[in-house]
Amino acid sequence: MSLRGVRVVDLTRIIAGPFCTQLLADLGAEVIKIESHSGDPLRAQGEKVNDFSWYFASYNRNKKSVALDLKSEEGRAVLRRILATADALVENFRPGILEAMGLSRNELQQLNPALVVCHISGFGADGPYAQRPAFDFIAQALSGFMSVNGLADGPPTRSGLPVSDLVAGLYGALAVTSRLVGRKTGDDAAVQSIDISLTDSMISLLSYIAADYLAAGKQPTRHGNDHPLVAPYGLFETRDSAIAIAPSNDIVYKKLLVALGMEHLLDDDRIDSNSKRMANIPLMHQIFGPVFKEQTSDYWIETLNNAGVPAGFVLSVPEVFEDPQVQHREMVIDVDHGERGTVQMLGFPMKFDGQPCTVRYPAPNLGEHGTPVLLACGFEESEIALLREKKVLG
């Protein structure tokens with residue numbers, strides 16, 4: 001993969017940071033996860049099999065674990081020696097913690113002038129909220145994201161997934177990769193600092209909602225499963241369940257009418273343009289709702305897709321993993337974790353021709369790679385033994 005030969009020091013825990021470094025690891029980087037002696041808190045969360053968290057396993061594959069006491073000066077000295085050999089550092093402490101550990105921008109530059117440093121936090125490295133504690137839910141709330149999710153007559157609604165953590169992790173991995181490429185091409189020679197905020201990341205997803213507000217001051221409202229720009233577009237009940245349909249423009253809308261045998265609606269002056277249809281959402285459901293109830297979901301999915309109209313089932317999580325397309329794309333993989341057994345986890349969304357992403361290492365046991373990592377970073381075996389004796393190295 002393109003990041004083979006790159007060494008990343010991972011000072012992250014929970015989700016946003018570990019997801020960032022997992023992406024880098026999946027792309028071939030050597031990721032050294034530095035943990036406290038108690039380990040990443042995610043090790044204790046989620047469903048466990050053989051006393052091992054599959055939640056932790058799903059965000060920490062392809063990494064090596066070193067357990068260090070970073071509260072001690074000796075532990076921080078070990079970290080500095082590892083960083084001197086690294087290409088990138090990713091951390092998600094609250095702003096200021098890294099500096100308190102003796103790893104300010106200037107100190108890092110003296111230690112390793114070419115080091116790429118990525119900081120991930122709730123609100124960013126500066127600004128009036130920089131020191132506030134933050135988690136995914138807070139970023140969803142403060143970014144405006146929740147305000148546009150949910151039913152029109154209901155309260156703001158969070159995403160069921162930790163989306164701000166995941167998006168921040170994606171941006172972090174993209175930014176680190178960009179800096180590494182710049183360094184190799186000679187564009188960036190000094191320490192490159194990257195500042196990723198969960199809240200900024202969520203705001204960046206506001207898309208057409210932000211565009212309409214910034215262009216015309218349009219106040220967005222909640223639309224539930226209907227689309228704020230296109231109609232009909234959303235969920236419709238069939239004879240046996242519900243389906244999602246997405247006729248996103250007039251051309252596809254005409255295909256929908258043809259598939260439903262309702263071409264006469266093209267001349268209905270109440271709904272003969274998208275703007276009129278958007279102004280008559282209840283009428284859309286009144287017209288199309290009874291038609292969809294005449295047949296099963298299977299019938300409509302086949303009929304609409306054959307007509308070129310995007311349509312799909314609303315699958316539960318168990319149904320997703322049984323879906324033939326999902327199985328064909330190998331979006332669930334089995335990973336051998338030795339004595340802990342086989343762990344099933346999500347597969348690789350990035351598909352590469354020739355050199356596909358692979359699991360080189362399962363999620364590590366706490367401190368599993370302390371000795372080989374330190375040897376690779378220039379430590380002597382006697383030094384390592386002394387660090388273990390002093391309980392600096394777990």
Side-chain angles (χ1 to χ4, degrees), residues 8-27 31 33-36 40-46 55-56 58-60 63 88-101 103 105 116-150 155-179 192-211 213-214 220 222 346 349:
V8 178
V9 174
D10 179 357
L11 288 177
T12 72
R13 64 262 187 246
I14 312 295
I15 300 176
F19 184 50
C20 170
T21 53
Q22 180 190 287
L23 292 170
L24 298 172
D26 286 349
L27 291 171
V31 174
K33 183 178 180 70
I34 307 293
E35 301 184 69
S36 68
D40 185 333
L42 207 62
R43 289 183 179 273
Q45 296 184 13
Y55 190 16
F56 173 83
S58 68
Y59 285 105
N60 289 281
K63 300 180 186 179
L89 164 66
V90 182
E91 62 91 10
N92 63 346
F93 297 121
R94 192 181 300 183
I97 298 298
L98 201 64
E99 288 79 1
M101 294 169 58
L103 295 173
R105 181 185 178 92
V116 174
V117 183
C118 179
H119 310 277
I120 301 176
S121 62
F123 300 105
D126 48 30
Y129 297 169
Q131 291 301 317
R132 287 188 180 183
F135 284 95
D136 165 73
F137 187 30
I138 306 305
Q140 289 197 38
L142 282 175
S143 64
F145 181 83
M146 284 179 59
S147 74
V148 298
N149 284 298
T157 305
R158 67 179 287 272
S159 165
L161 299 172
V163 62
S164 72
D165 284 314
L166 301 175
V167 175
L170 281 166
Y171 281 142
L174 176 63
V176 168
T177 303
S178 172
R179 288 302 198 190
Q192 297 298 319
S193 182
I194 300 163
D195 180 10
I196 302 291
S197 152
L198 271 64
T199 306
D200 293 350
S201 298
M202 289 303 295
I203 292 172
S204 77
L205 300 184
L206 291 180
S207 184
Y208 49 79
I209 289 172
Y213 173 75
L214 295 173
R222 290 184 289 281
L346 297 179

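Keep in mind it's a predicted model, so treat the numbers as computed, not measured. Only this structure's heavy atoms are used, side chains among them; waters, hydrogens and symmetry mates stay out.
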Are the side chain of [X] and the backbone of [Y] linked by a donor-acceptor contact shorter than 3.5 Å?
{"X": "S197", "Y": "G122", "result": "yes"}
{"X": "N60", "Y": "Q22", "result": "no"}
{"X": "T157", "Y": "P155", "result": "yes"}

Partners meeting side chain to side chain donor-acceptor pair (under 3.5 Å) with [X] (sequence neighbours left out):
{"X": "S204", "result": "Y171"}
{"X": "S36", "result": "S38"}
{"X": "D40", "result": "K33"}
{"X": "R43", "result": "E35"}

With the side chain counted from C-beta on, respond yes when T12 and I120 share a heavy-atom pair under 4.5 Å apart, and no when they do not.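 Answer no - side chains too far apart.
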
Answer whether the closest heavy-atom distance between the side chains of L11 and F93 falls below 4.5 Å.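 Yes, close enough: below the 4.5 Å cut-off.
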
Quick one: side chain to side chain donor-acceptor pair (under 3.5 Å) pairs with a partner in residues 135-147, sequence neighbours left out? D136-Q140, D136-S164

Excluding sequence neighbours, so at least two apart, what forms ring-ring contact (aromatic ring centres under 6.0 Å, His included) with Y208? H227

Table please: side-chain donor-acceptor pairs of residues 125-132 below 3.5 Å, with sequence neighbours left out.
| from | atom 1 | to | atom 2 | distance (Å) |
| --- | --- | --- | --- | --- |
| Q131 | NE2 | P95 | O | 2.9 |

Contacts of type side chain to side chain contact (heavy atoms under 4.5 Å, CB included), residue [X], not counting sequence neighbours:
{"X": "Y213", "value": "none"}
{"X": "I194", "value": "V116, C118, A175, V176, R179, I196"}
{"X": "I209", "value": "V148, P220"}
{"X": "L174", "value": "none"}

